[in-house]
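Worth saying up front: this structure is predicted, and the values here are computed from it rather than measured. Whatever order the structure lists ligands and atoms in, that order sets their numbers, starting from 1.
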Amino acid sequence: MTFEKKFDEFVDEINENLDKLVVEKDNLQKDIYTAMRYSLLAGGKRIRPVILLACAEILDIDKDTVMPFACAIEMIHTYSLIHDDLPALDNDKLRRGRNTCHIEFSEALAILAGDALLNKAFEVMSKKAIDMEHPTRGLRMLHQVSVMSGTEGMIGGQIIDIQSEGKEVSKEVLETMYKGKTGCLLKAPVLVALEAANCMEDENAEILINYVETIGVAFQIKDDILDSIGDEKTLGKNTGRDVEKNKTTFVTIYGLEYCEELLEELTHKAIGYAEKLGEKGKFLKELAVYLLKREN
Ligand code: GRG
């Protein structure tokens, strides 16, 4: 099966599951469900859950075991985008090709929809953990997602981002910011799969973690490049925002040419890790190339 077909199949399954996990309700709370679904089902690339399904295949884990975690990670990602777009943070108007949540509804509803998606993610993961044959294994999977999305993970990176606005920061600080705000939620799926397979100490664990950590920094550098030279329509979000907001990024500090080179270098490094998995690493190898070439 081609990479594209497999990727699309993963995405279809993830979308079907997300659609079932957050349903419209005709009750007094109905507005919150409408806002949650508006942002969650707006057609993101679904990279994080795809990484989880791909790792599950590599580690021979049943898809049903990890699907709730894959969906939960996508919910956490969507909440972070809704909140990141708020006037108090990036004040963005366009996301995934449509109005941002606060523009479509209201600031209050966008704050609540983000909070609700975060809560829903933990509801979904804990329910699955309770139902698992080995609930402690489920708990360890849930714990990894909690850490990766928290103050030493995604939120940790975001606070460095906020503190760095308008300042000159070192390459080391910038890398720590990228590893946190973007890298950790990409790493969460790998850690969940490794916990599900109970193989955190195996050689494969080190390879997969090295792979995804490399991809994580590359992903944010690509994001910065697209903000600088990407096409708004293809991207589904406004461009040129980093300069407007006086953000410190790899592109604003080192320029486009250096970033393109760095991106190629990191992609080759990631491919090298994927190749260590032999035939099983084929999808991850092609995923690294897809992420290098992506236009949205
Ligand atoms: C809690 C007030 C409050 C704010 C939180 C946590 C947070 C805001 C922001 C996290 C940082 C963040 C949004 C990083 C951006 C990461 C990134 C590159 C997002 C784009 O991901 P894609 O390209 O998007 O996978 P799609 O739309 O395809 O899912």
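Counting heavy atoms from C-beta outward, Ser228 and Asp242 have side chains that stay 4.5 Å or more apart.
Close contacts of ligand 1 with Asp223, meaning ligand atoms under 4.0 Å from a residue heavy atom, involve 18 (C). The Arg96 neighbourhood of ligand 1 comprises atoms 26 (P), 27 (O), 29 (O), with distances under 4.0 Å to a heavy atom of that residue.
Asp84 and Gln158 form a side-chain donor-acceptor contact under 3.5 Å, judged by distance and modelled atom types alone. Inspection of the Glu13 and Asn17 side chains reveals no N or O donor paired with an N or O acceptor under 3.5 Å.
Only the side chain of Arg48 comes within 4.0 Å of ligand 1, judged by heavy-atom distances. Only the side chain of Leu89 comes within contact range of ligand 1, with a heavy atom under 4.0 Å; no backbone atom does.
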The test is side chain to side chain contact (heavy atoms under 4.5 Å, CB included); show your working for Leu94 and Ile103 and say whether it passes.
CA-CA 9 Å; Leu94 193 64; Ile103 294 288; over 6 Å; no
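Looking only at heavy atoms of the protein, atom 14 (C) of ligand 1 is closest to Lys181 O, 3.8 Å. The shortest contact between atom 28 (O) of ligand 1 and any protein heavy atom is with Lys45 NZ, 2.8 Å. Looking from atom 8 (C) of ligand 1 to the surrounding protein, the closest heavy atom is Ser80 O, 3.7 Å.
In Asp62, the CG atom is crowded: over 12 heavy atoms of neighbouring residues, nucleotides or ligands sit closer than 6.0 Å.
Comparing heavy-atom distances from atom 11 (C) of ligand 1 across Glu74, Gln158, Lys237 singles out Gln158 as nearest. Which of Asp224, Thr182, Leu81 comes nearest to atom 19 (C) of ligand 1 through a heavy atom is settled by distance: it is Leu81.
For ligand 1, none of its N or O atoms has an N or O atom of His83 under 3.5 Å away. The shortest N/O to N/O separation between His77 and ligand 1 falls below 3.5 Å.
Both the sub-6.0 Å distance and the 45° axial angle are not jointly satisfied by Arg96 relative to the ring of Tyr38.
In summary, the aromatic rings of Phe219 and Tyr178 are positioned with their centroids too far apart to meet the 6.0 Å limit.
With sequence neighbours left out, the ring pair (Phe, Tyr, Trp, His ring centres under 6.0 Å) criterion links Tyr211 to no other residue.
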